[in-house]
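Beneath this line is the structure, given in structure tokens, with notes to follow.
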Amino acid sequence: MNIYVGNLAYETNEKDIETAFTAYGQVSEVRLITDRYSGRSKGFAFVEMPNQQEAEAAIQDMNGKSLQDRTITVNEAKPRDNSGQRGGGSRSW
DNA sequence: GTTGAGCGTT
């Protein structure tokens, strides 16, 4: 299950998220979203957990919790929008 | 500071 983690502090790293979520179960991958043009954190991240029940437990327990003085939002991630799809260079012409 | 980008075939 893909999990969305929002309202993170800029000081938060993938290791912090991984440590926080691995406590509830197995974490397959952690992706801290950073701005591609500035290299800074966007303030949210995604966590992938192979076990659904552990993922739900992590979501329910982590949602609304405070991490580094920031109340984070945790819920199931939505599929990516068109924003991440390749095609910046118009190739469809 | 709130839903993921890789510029060319993973």
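Convention: sequence-line order gives letters A, B, ...; per-chain numbering from 1.
- With sequence neighbours left out, A/D35 forms a side chain to side chain donor-acceptor pair (under 3.5 Å) with A/S38.
- Nucleic acid contact for A/R36: sugar-phosphate only, since backbone atoms but no base atoms lie under 4.0 Å from a heavy atom of the residue.
- Listed in residue order, the members of residues 15-26 of chain A having a heavy atom less than 4.0 Å from DNA chain B come to none.
- With sequence neighbours left out, the side-chain contact (heavy atoms from CB on, under 4.5 Å) criterion links A/N63 to A/T73, A/V74.
- Each of A/K78 and A/A9 was matched to the nucleotide of DNA chain B holding its nearest heavy atom; the match closer to the 5' end belongs to A/A9.
- On the P atoms, B/dG8 is 23 Å away from B/dG4, given to the nearest whole Å.
- In the hydrophobic clustering of ILVMFWY residues, with side-chain heavy atoms under 4.5 Å counting as a link, A/L67 and A/V30 come out together.
- Distance check, rounded to the nearest 0.5 Å: CG of A/L32 to OG1 of A/T34 gives 6.5 Å.
- For DNA chain B, the neighbouring residues in residues 59-72 of chain A, judged by any heavy atom under 4.0 Å, are A/R70.
- The stretch residues 37-58 of chain A touches DNA chain B through A/K42, A/F44, A/F46, each having a heavy atom within less than 4.0 Å of the strand.
- Residues A/N7 and A/N2 each lie close to DNA chain B; by heavy-atom proximity, the contact nearer the 5' end of the strand is made by A/N7.
- Between A/D35 atom CG and B/dT2 atom C1' there is a gap of 14 Å when expressed in whole angstrom units.
- Taking the P atoms as reference points, B/dT3 lies 23 Å from B/dC7, given to the whole Å.
- As a whole-Å value, the separation of A/I3 CD1 from B/dT3 P is 17 Å.
- If you measure from atom CG of A/D81 to atom P of B/dG6, you get 16 Å, rounded to the nearest angstrom.
- By the side chain to side chain donor-acceptor pair (under 3.5 Å) test, A/T12 pairs with A/Q68, sequence neighbours left out.
- Contact annotation for A/L32: no contact, since no heavy-atom pair falls under 4.0 Å across all strands.
- The gap from the C1' atom of B/dT10 to that of B/dG6 amounts to 9 Å, rounded to the nearest Å.
- Judged as a side chain to side chain donor-acceptor pair (under 3.5 Å), and not counting sequence neighbours, A/E11 has no contacts.
- We find the CE-OG distance between A/M1 and A/S28 to be 13.5 Å, quoted to the nearest 0.5 Å.
- Applying the side chain to side chain donor-acceptor pair (under 3.5 Å) test to A/Y24 and every residue at least two apart in sequence or in another chain returns A/D61.
- With rounding to whole Å, A/E76 atom CD is found 16 Å from B/dG4 atom P.
- From A/M62, atom CE reaches atom CD1 of A/I72 across 4.0 Å, with rounding to the nearest 0.5 Å.
- In this entry the distance linking OH of A/Y4 with P of B/dG4 reads 9 Å, nearest Å.
- In this structure, the separation between CD on A/E76 and CD1 on A/I3 is 8.5 Å, given to the nearest 0.5 Å.
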Output side-chain donor-acceptor pairs under 3.5 Å for residues 42-57 of chain A, partner residues at least two apart or in another chain, one line each.
| residue | atom | partner | partner atom | Å |
| --- | --- | --- | --- | --- |
| A/N51 | OD1 | A/Q53 | N | 3.1 |
| A/E54 | OE1 | A/Q26 | N | 3.0 |

